Amino acid sequence: MTDISLQTLTEDEPQFGDYFALLKPRVMTLVVFTAFVGLLAAPDGLHPFVAFCAVLFIAVGGGASGALNMWWDADIDAVMRRTAKRPIPSGRVSRDEALGIGLTLSGFSVVFLGLATNWVAAALLAFTIFFYVVVYSMWLKRSTPQNIVIGGAAGAFPPMIGWAAATGGVSVESVLMFALIFMWTPPHFWALALFMRSDYDDAGVPMLTVTHGRPATRRHILIYTLLLAALALAMAATSVGGPAYLLCALVLNALFVKGAVAIWRRDEVQAEADNYAVEKRFFKLSLLYLFAHFGAILADQALAALGLGFGGLF
Amino acid sequence: MSLSRRHDMHVRRFSRNLGVGLCLAALIAIVFGLTFVKVTRGDFEMPRGPAATQSAGGE
């Protein structure tokens with residue numbers, strides 16, 4: 001081998017950032033934040049360092065499932081404009097490397113979470129990875145328009161895992177936090193599917209927009225948003241709710257329902273005329289919606305610690 | 001072919017090597033920290049095997 005051939009081999013060396021991108025860092029922020037809130041909202045406390053490690057391992061587990069998802073979906077990621085620049089379709093990382101990293105980090109995160117906290121939390125993390133990779137990515141995503149509805153459960157588990165890490169079990173409050181993310185996921189992704197017009201069509205992913213049409217998707221967004229609003233407001237009456245959560249839920253759910261009604265009342269001609277401005281606004285609001293609700297749960301914990309919370313109406 | 005002490009490859013792989021090194025250092029710190037917290041908080045119990053029983057009985 002000459003220096004020239006070595007240079008050619010190493011020219012496209014993947015950088016550390018390329019491997020880190022396999023872990024879907026933006027999704028990881030949601031995982032970290034919701035797991036952190038689930039952990040802090042739990043009645044039993046953890047040592048701060050153990051709590052930090054628990055959130056870190058949950059994040060690594062979430063990242064591992066992201067890497068396995070990229071390994072499996074490399075073919076459709078290459079077709080979709082939104083995902084074409086990911087490390088595998090862009091050729092920076094090979095599929096085998098992604099598989100290796102995903103499996104290694106999955107095992108590592110589950111075992112270390114079990115050792116650091118308890119095996120209920122570790123089992124929930126293992127199930128989350130399995131659900132996201134096998135149930136959602138391998139099975140539902142390419143076979144049913146309900147892919148987002150059922151697959152959304154994977155993204156909803158982190159607060160439950162955080163709660164289990166602190167308490168060693170599952171309770172009504174942790175199931176409600178799970179339900180909030182579960183119900184939030186469909187309108188969030190369907191709004192994205194409405195304005196990322198041809199991406200899912202090109203990739204042959206049976207999103208609701210492709211299988212049932214855009215008017216049906218708009219109707220579904222409204223129905224799920226109404227159900228979500230009812231759930232979010234009901235949560236204010238449980239022990240994870242409080243004055244901050246109630247205020248946040250009232251304001252944001254009013255805005256969210258207003259946005260869903262606006263989407264429902266529009267047709268494609270109107271949407272194309274303003275380049276999907278309403279749908280894009282709804283999508284951005286959905287991000288704020290989730291972070292604000294979980295932020296409010298956190299704020300209520302702080303208020304309760306200061307003796308200012310009302311800790312649930314029932 | 002002989003690699004010079006500072007070959008171009010080292011420059012290209014610097015970020016990868018640095019990242020892996022920092023991850024390994026973080027792993028050591030985490031394992032050490034967890035061990036320290038668990039032992040000092042009394043979460044850790046010595047195994048009660050036959051050796052421990054014999055030792056207790058022999059005294």
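The structure presented is a predicted model; accordingly, all values stated were derived computationally and were not measured. In what follows, every chain begins at residue 1, and chains take the letters A, B, ... in the order their sequences are listed.
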Original post:
If you round to the nearest 0.5 Å, how far is CZ of A/Phe16 from CG of B/Asn17?
Top reply: 11.0 Å
**OP:** Decide if atom CZ of A/Phe182 counts as having more than 12 heavy atoms of other residues, nucleotides or ligands within a radius under 6.0 Å.
**Re:** yes
Original post:
Considering only heavy atoms, which portion of B/Ala26 lies under 4.5 Å from any heavy atom of chain A: side chain, backbone, both, or neither?
Top reply: neither
Subject >> Gap between atom CG of B/Leu34 and atom NE2 of A/His47 - 0.5 Å precision >> reply: 10.0 Å
Original post:
Relative to chain A, which segment of B/Leu18 carries a heavy atom at a distance below 4.5 Å: side chain, backbone, both, or neither?
Top reply: neither
**OP:** Answer whether the closest heavy-atom distance between the side chains of A/Gln15 and B/Arg16 falls below 4.5 Å.
**Re:** no
Subject >> Reported CG-to-SG distance for the pair A/Leu105 and B/Cys23, which is rounded to 0.5 angstrom >> reply: 8.5 Å
Subject >> Minimum heavy-atom distance between B/Lys38 and A/Leu115, given as atom pair plus value >> reply: CE-O, 3.3 Å
Original post:
Of the non-hydrogen atoms in A/Phe108 and B/Leu27, which two are nearest, and what is the gap between them?
Top reply: CE1-CD1, 3.4 Å
Original post:
Would you say A/Leu56 and B/Ile30 make side-chain contact, with heavy atoms under 4.5 Å?
Top reply: yes
**OP:** Hey, could you give me the CZ/OG distance between A/Phe20 and B/Ser15, rounded to the nearest 0.5 Å?
**Re:** 12.5 Å
